[in-house]
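Some notes on the structure that comes next.
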There are 2 protein chains.
Amino acid sequence: MNGARSDVASRRVADHLRAAILSGEIAPGERIRQEEVAERLGASRLPVREALRMLEAEGLTEHHTHKGARVPKLDMHEVEVIYRMRERLEPLALAESLQHLTRDDLRRLEGLQERIEANGDIGEFLALDREFHLLTYSGCAIEQLSSMVVRLWNSTQHYRRAYMHLSGQARRWIVNAEHRLLLDAIERQDADEAERCLAGHIRRTRIELSHHPEVFEGPIP
Amino acid sequence: MNGARSDVASRRVADHLRAAILSGEIAPGERIRQEEVAERLGASRLPVREALRMLEAEGLTEHHTHKGARVPKLDMHEVEVIYRMRERLEPLALAESLQHLTRDDLRRLEGLQERIEANGDIGEFLALDREFHLLTYSGCAIEQLSSMVVRLWNSTQHYRRAYMHLSGQARRWIVNAEHRLLLDAIERQDADEAERCLAGHIRRTRIELSHHPEVFEGPIP
DNA sequence: CGGCTAGAAGTTGGATCCAATCCATGTCAG
DNA sequence: CTGACATGGATTGGATCCAACTTCTAGCCG
């Protein structure tokens with residue numbers, strides 16, 4: 001009868017924490033105290049515990065018994081391997097998704113890409129880029145595959161942001177060109193070409209990132 | 001100071017349920033009632049809830065709000081895609097693991113393969129085969145990669161068992177031959193060859209499985 | 001002065017009770 | 001007889017209180 005509200009407390013808490021982690025408000029390595037979160041969101045500790053477990057499944061927190069939850073901190077090699085995983089899994093997800101994308105999805109992809117090209121600030125770019133790519137996978141009905149792709153995006157989000165703070169506008173032009181090629185292949189339903197574009201896009205990003213070890217050293221803007 | 005006992009109730013419960021699901025005692029599609037488990041293991045419902053969340057992160061259960069936990073039931077296409085994910089991820093895990101494998105690991109791999117060749121019953125074969133492959137990945141220090149590989153194995157375990165009940169001894173000879181080739185490449189630290197062997201091994205299994213749609217239809221031994 | 005230990009405070013894990021939701025059964029109108 | 005609908009039992013979600021563990025600190029002894 002209501003507007004599909006998330007009236008389950010644990011989900012509300014999870015949504016809140018997820019946003020806080022993805023936006024960088026809670027940084028990698030930082031500890032999350034149950035009581036503090038519970039108090040701030042007006043719930044008891046129990047839904048917070050459930051929420052932290054959900055986030056753990058999404059790769060956003062890690063849990064150690066009697067020591068609580070932290071946001072995982074990754075080193076350069078870990079992130080590089082995660083990018084290699086993305087190179088292999090995301091083309092598969094795209095292939096599974098491609099023929100199920102609706103005409104409306106394509107229109108939204110176009111719209112997102114136009115907004116990406118509008119060159120907003122870094123936070124906006126990251127959010128739109130994420131939305132763009134995940135939308136291309138939205139037709140993938142294989143739960144395991146979709147959830148793993150989201151996990152990989154979640155894990156690297158913080159380092160993508162850190163890298164964007166270092167890289168110039170030129171990078172964005174390359175991204176835009178690659179997105180356009182990808183969009184074109186998707187609209188033509190050319191699975192092979194779309195997979196190639198996507199793998200190349202991720203691969204290039206991985207290699208660029210590997211030239212900036214400083215991303216993984218200090219605290220970040 | 002104690003013998004590394006799993007004195008945390010939620011972990012004990014999770015271990016118990018994991019074993020029950022992997023052994024087929026709890027079948028795909030089956031519901032898991034918190035109170036029943038709690039009573040049977042002499043704990044309250046809370047650690048059971050935590051355990052179910054852990055298992056969800058491992059791909060062994062799925063959770064729907066106010067409807068509880070079930071073991072996911074997959075159709076043939078889903079399993080086929082999961083095998084394609086394995087084809088892409090496990091060679092990567094092997095490459096990451098290869099140079100960290102100790103001489104002792106290699107000896108244990110040899111021992112496992114010999115026990116596999118001893119041709120025990122199906123349950124034993126499945127357990128040994130799982131142990132063999134996961135041991136080859138044990139040197140992989142990338143948590144995300146290792147955990148995803150385990151997830152994929154967990155998800156398909158039941159269907160591997162169902163398939164084994166249908167396939168003859170000839171399949172085992174092929175598996176043994178492939179394992180020997182893989183072991184040889186691993187011992188020579190030949191990453192490329194090992195990746196090729198492994199991808200081929202998984203690929204062949206996927207194709208074989210796709211010839212047996214009956215695996216996904218009825219209830220299973 | 002430094003390192004180790006005991007304990008106190010803080011944080012997480014677990015048990016019990018209550019509330020909200022789902023689902024199956026039975027009833028009644030058409 | 002069939003369908004929708006209401007109701008009660010069953011099951012999960014949440015709050016509160018207590019126990020176990022970790023960690024930080026203060027004090028003692030070498």
Side-chain angles (χ1 to χ4, degrees), chain A residues 1-18 20-21 25-73 143, chain B residues 1-18 20-21 25-73 143:
Chain A
M1 197 59 70
N2 65 25
R5 283 304 311 127
S6 183
D7 52 354
V8 181
S10 59
R11 187 166 296 279
R12 281 196 317 110
V13 175
D15 289 345
H16 181 95
L17 286 176
R18 186 185 303 108
I21 295 170
E25 193 182 325
I26 305 177
E30 198 167 326
R31 186 173 175 185
I32 301 178
R33 273 177 297 278
Q34 297 174 0
E35 180 133 1
E36 182 187 325
V37 176
E39 191 174 341
R40 205 138 67 85
L41 299 187
S44 89
R45 271 179 45 220
L46 206 146
V48 176
R49 279 160 73 171
E50 297 263 317
L52 288 172
R53 291 292 188 188
M54 296 185 210
L55 295 179
E56 193 181 6
E58 297 174 35
L60 286 171
T61 61
E62 61 186 8
H63 202 83
H64 290 100
T65 183
H66 281 279
K67 290 172 67 178
R70 305 184 90 83
V71 179
K73 193 171 200 166
E143 228 287 310
Chain B
M1 202 52 70
N2 66 24
R5 283 305 310 129
S6 184
D7 52 354
V8 181
S10 59
R11 186 166 298 277
R12 280 196 318 110
V13 175
D15 289 345
H16 181 95
L17 286 176
R18 186 184 303 108
I21 295 170
E25 193 182 326
I26 306 177
E30 198 166 327
R31 186 174 174 185
I32 300 177
R33 273 178 297 279
Q34 298 174 1
E35 180 132 1
E36 182 188 323
V37 176
E39 191 173 340
R40 204 138 66 85
L41 299 188
S44 91
R45 271 179 46 223
L46 207 147
V48 177
R49 279 160 74 170
E50 297 263 314
L52 288 173
R53 291 292 188 188
M54 296 186 211
L55 295 178
E56 194 181 6
E58 297 173 35
L60 287 171
T61 61
E62 61 186 8
H63 202 84
H64 291 99
T65 180
H66 281 286
K67 291 173 67 179
R70 305 184 90 83
V71 179
K73 193 172 202 165
E143 227 289 309

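Not measured: the values here are computed from a predicted model. So that the names make sense, note that chain A is the first sequence line, chain B the second, and so on, each numbered from 1.
Every pair passing side chain to side chain donor-acceptor pair (under 3.5 Å) that includes a residue from residues 27-40 of chain B is listed here, sequence neighbours excluded: Arg33(B)-Glu36(B), Gln34(B)-Arg45(B). Sorted by first then second residue, the side chain to side chain donor-acceptor pair (under 3.5 Å) pairs that include residues 57-71 of chain B, not counting sequence neighbours, are Arg18(B)-Glu58(B).
Looking only at side-chain heavy atoms (C-beta outward), Ile32(B) and Val48(B) stay at 4.5 Å or farther from each other.
For Arg11(B) and dG14(C), the CZ to P distance is 10 Å, given to the nearest whole Å. Computed from coordinates, the Leu52(A) CG to dG14(D) P distance equals 13 Å when rounded to whole Å. When the C1' atom of dG14(C) is taken as reference, atom CZ of Arg53(A) falls 13 Å away, rounded to whole Å. As a whole-Å value, the separation of Arg12(B) CZ from dG13(C) C1' is 13 Å. Atom CZ of Arg33(A) and atom P of dT11(C) are 6 Å apart (whole Å).
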For nucleotides 15-25 of chain D, print each protein N/O atom paired with a nucleotide N/O atom at under 3.5 Å, atom names and distance only.
| residue | atom | partner | partner atom | Å |
| --- | --- | --- | --- | --- |
| dA15(D) | OP2 | Ser44(A) | N | 3.1 |
| dA15(D) | OP2 | Ser44(A) | OG | 3.0 |
| dC21(D) | O4' | His66(A) | ND1 | 3.4 |

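The shortest distance between the side-chain N/O atoms of His64(B) and the OP1/OP2 oxygens of dC23(C) is not below 4.0 Å.
Residue Ile32(A) is classed as a sugar-phosphate contact, given heavy-atom separations below 4.0 Å to backbone atoms only.
Considering Glu50(A), Arg53(A), Arg49(A) in turn, Glu50(A) is the only one that fulfils the side chain to side chain contact (heavy atoms under 4.5 Å, CB included) rule with Arg49(B).
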